[in-house]
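So the structure is just underneath, and the comments pick up after that.
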Amino acid sequence: QVQLVESGGGLVQAGDSLTLSCEFSGRAFSSYAVGWFRRAPGKEREFVIGVSWSGDSLADLDSIKSRFTISRDNSKNMVYLQMNSLKSEDTAVYYCAASEDYVGNTAHEYDYWGQGTPVTVSS
(Lines give C-alpha, C1' and ligand atoms only; values in the text may rest on other atoms or scores of the structure.)
Protein backbone atom coordinates (compact mmCIF):
# COMPACT_ATOMS: atom_id res chain seq x y z
CA GLN A 1 0.00 0.00 0.00
CA VAL A 2 1.22 3.50 0.82
CA GLN A 3 4.90 3.75 1.67
CA LEU A 4 7.13 6.66 2.62
CA VAL A 5 10.91 6.52 2.56
CA GLU A 6 13.10 9.30 3.93
CA SER A 7 16.67 9.94 2.90
CA GLY A 8 19.34 12.62 3.06
CA GLY A 9 20.16 12.62 6.75
CA GLY A 10 23.69 12.65 8.03
CA LEU A 11 26.29 14.39 10.13
CA VAL A 12 26.78 18.12 9.58
CA GLN A 13 28.26 21.03 11.44
CA ALA A 14 26.37 23.93 12.97
CA GLY A 15 25.56 26.52 10.35
CA ASP A 16 25.47 24.00 7.51
CA SER A 17 22.53 23.23 5.26
CA LEU A 18 20.95 19.89 4.52
CA THR A 19 18.10 18.68 2.36
CA LEU A 20 15.97 15.72 3.30
CA SER A 21 13.84 13.82 0.82
CA CYS A 22 10.69 11.78 1.23
CA GLU A 23 9.61 9.44 -1.54
CA PHE A 24 5.97 8.43 -1.68
CA SER A 25 4.64 5.31 -3.35
CA GLY A 26 1.14 3.93 -3.69
CA ARG A 27 -2.12 5.59 -4.67
CA ALA A 28 -2.32 9.24 -5.69
CA PHE A 29 0.47 11.25 -4.11
CA SER A 30 -0.96 14.60 -5.14
CA SER A 31 -4.04 14.03 -2.97
CA TYR A 32 -2.03 13.67 0.27
CA ALA A 33 -0.82 16.29 2.67
CA VAL A 34 2.70 15.60 3.92
CA GLY A 35 4.35 16.64 7.15
CA TRP A 36 7.81 16.41 8.63
CA PHE A 37 8.23 15.45 12.28
CA ARG A 38 11.33 14.97 14.36
CA ARG A 39 12.27 13.21 17.55
CA ALA A 40 15.35 14.39 19.40
CA PRO A 41 17.15 12.16 21.92
CA GLY A 42 15.22 12.07 25.18
CA LYS A 43 12.40 14.22 23.82
CA GLU A 44 8.96 13.67 22.39
CA ARG A 45 8.20 13.71 18.71
CA GLU A 46 7.35 17.18 17.47
CA PHE A 47 5.89 18.65 14.34
CA VAL A 48 8.32 20.53 12.16
CA ILE A 49 6.57 21.63 8.99
CA GLY A 50 3.94 20.37 6.57
CA VAL A 51 2.58 20.98 3.11
CA SER A 52 -0.94 20.50 1.78
CA TRP A 53 -1.84 18.77 -1.46
CA SER A 54 -2.16 22.21 -3.04
CA GLY A 55 1.26 23.38 -1.87
CA ASP A 56 0.35 25.49 1.17
CA SER A 57 2.90 25.17 3.96
CA LEU A 58 2.32 25.03 7.71
CA ALA A 59 4.86 25.72 10.42
CA ASP A 60 4.33 26.88 13.99
CA LEU A 61 7.73 27.89 15.32
CA ASP A 62 9.59 31.00 14.25
CA SER A 63 12.86 29.11 14.54
CA ILE A 64 11.57 26.72 11.89
CA LYS A 65 9.91 29.26 9.63
CA SER A 66 13.10 31.28 9.40
CA ARG A 67 15.35 28.36 8.46
CA PHE A 68 13.37 25.45 7.03
CA THR A 69 11.45 25.19 3.78
CA ILE A 70 9.17 22.39 2.64
CA SER A 71 8.36 21.72 -0.99
CA ARG A 72 6.82 18.99 -3.07
CA ASP A 73 7.15 17.73 -6.60
CA ASN A 74 4.01 15.82 -7.40
CA SER A 75 5.34 14.68 -10.76
CA LYS A 76 8.08 12.77 -8.92
CA ASN A 77 6.11 11.80 -5.80
CA MET A 78 8.68 13.62 -3.70
CA VAL A 79 8.65 15.99 -0.74
CA TYR A 80 11.72 17.89 0.36
CA LEU A 81 12.82 19.57 3.55
CA GLN A 82 15.48 22.22 3.04
CA MET A 83 17.18 23.03 6.32
CA ASN A 84 19.50 26.01 6.61
CA SER A 85 21.62 27.38 9.45
CA LEU A 86 21.40 24.13 11.33
CA LYS A 87 21.88 24.15 15.08
CA SER A 88 22.79 21.45 17.54
CA GLU A 89 19.21 21.44 18.81
CA ASP A 90 18.08 20.33 15.35
CA THR A 91 19.69 16.96 15.99
CA ALA A 92 16.96 14.35 15.73
CA VAL A 93 15.50 11.57 13.67
CA TYR A 94 13.32 13.16 11.02
CA TYR A 95 10.17 11.46 9.79
CA CYS A 96 7.86 12.22 6.92
CA ALA A 97 4.19 11.38 7.22
CA ALA A 98 1.21 11.53 4.89
CA SER A 99 -2.35 12.53 5.63
CA GLU A 100 -5.36 11.55 3.58
CA ASP A 101 -7.24 14.56 4.90
CA TYR A 102 -5.43 17.81 5.51
CA VAL A 103 -2.12 19.14 6.76
CA GLY A 104 -1.98 19.39 10.54
CA ASN A 105 0.55 19.81 13.32
CA THR A 106 -0.21 16.72 15.39
CA ALA A 107 0.88 13.15 14.72
CA HIS A 108 -2.57 11.59 15.03
CA GLU A 109 -3.72 13.51 11.98
CA TYR A 110 -1.35 11.53 9.77
CA ASP A 111 -2.06 8.08 8.39
CA TYR A 112 1.25 6.83 7.01
CA TRP A 113 4.80 7.14 8.27
CA GLY A 114 8.31 6.57 7.06
CA GLN A 115 11.08 4.94 9.09
CA GLY A 116 12.98 8.17 9.63
CA THR A 117 16.39 9.52 8.71
CA PRO A 118 18.81 10.74 11.37
CA VAL A 119 20.30 14.22 11.36
CA THR A 120 23.18 15.03 13.66
CA VAL A 121 24.43 18.59 13.98
CA SER A 122 27.77 19.05 15.70
CA SER A 123 28.93 22.32 17.20
First locate atom [atom1] of [X], then atom [atom2] of [Y], and finally report the distance between them rounded to the nearest 0.5 Å.
X: Tyr102; Y: Leu58; atom1: OH; atom2: CG; value: 11.0 Å
X: Ser57; Y: Arg72; atom1: OG; atom2: CZ; value: 12.0 Å
X: Glu23; Y: Glu6; atom1: CD; atom2: CD; value: 11.0 Å
X: Ile64; Y: Ile70; atom1: CD1; atom2: CD1; value: 11.5 Å

Task: All pairs passing side chain to side chain donor-acceptor pair (under 3.5 Å) where residues 113-123 contributes a residue, at least two apart - done: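 Listed once each, the pairs would be none.
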Task: Modelled atom types, side-chain donor and acceptor of Ser99 and Asp101, under 3.5 Å - done: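 No, no side-chain donor-acceptor pair sits under 3.5 Å.
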Open item on the list: Pairing donors with acceptors under 3.5 angstrom, does anything connect the side chains of Tyr112 and Glu100?
Closed with: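 Short answer, yes.
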Open item on the list: According to ring-ring contact (aromatic ring centres under 6.0 Å, His included), does anything in residues 53-100 pair up with another residue at least two apart or in another chain? List the pairs.
Closed with: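 Not a single pair qualifies under ring-ring contact (aromatic ring centres under 6.0 Å, His included).
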- [ ] Just grab all the salt bridge (Lys or Arg N to Asp or Glu O under 4.0 Å) pairs involving residues 29-44, residues at least two apart or on different chains.
- [x] Arg38-Glu46, Arg38-Asp90
Task: Glu89: side-chain hydrogen bond (donor to acceptor under 3.5 Å, both in side chains) partners, not counting sequence neighbours - done: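 Partners of Glu89 by the side-chain hydrogen bond (donor to acceptor under 3.5 Å, both in side chains) criterion come out as none, since no residue qualifies.
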Task: Residues in side-chain hydrogen bond (donor to acceptor under 3.5 Å, both in side chains) contact with Asn105, at least two apart in sequence or another chain - done: Asp60
TODO: Just jot down the side-chain contact (heavy atoms from CB on, under 4.5 Å) partners of Asn77, sequence neighbours excluded, or say none.
DONE: Phe24, Phe29
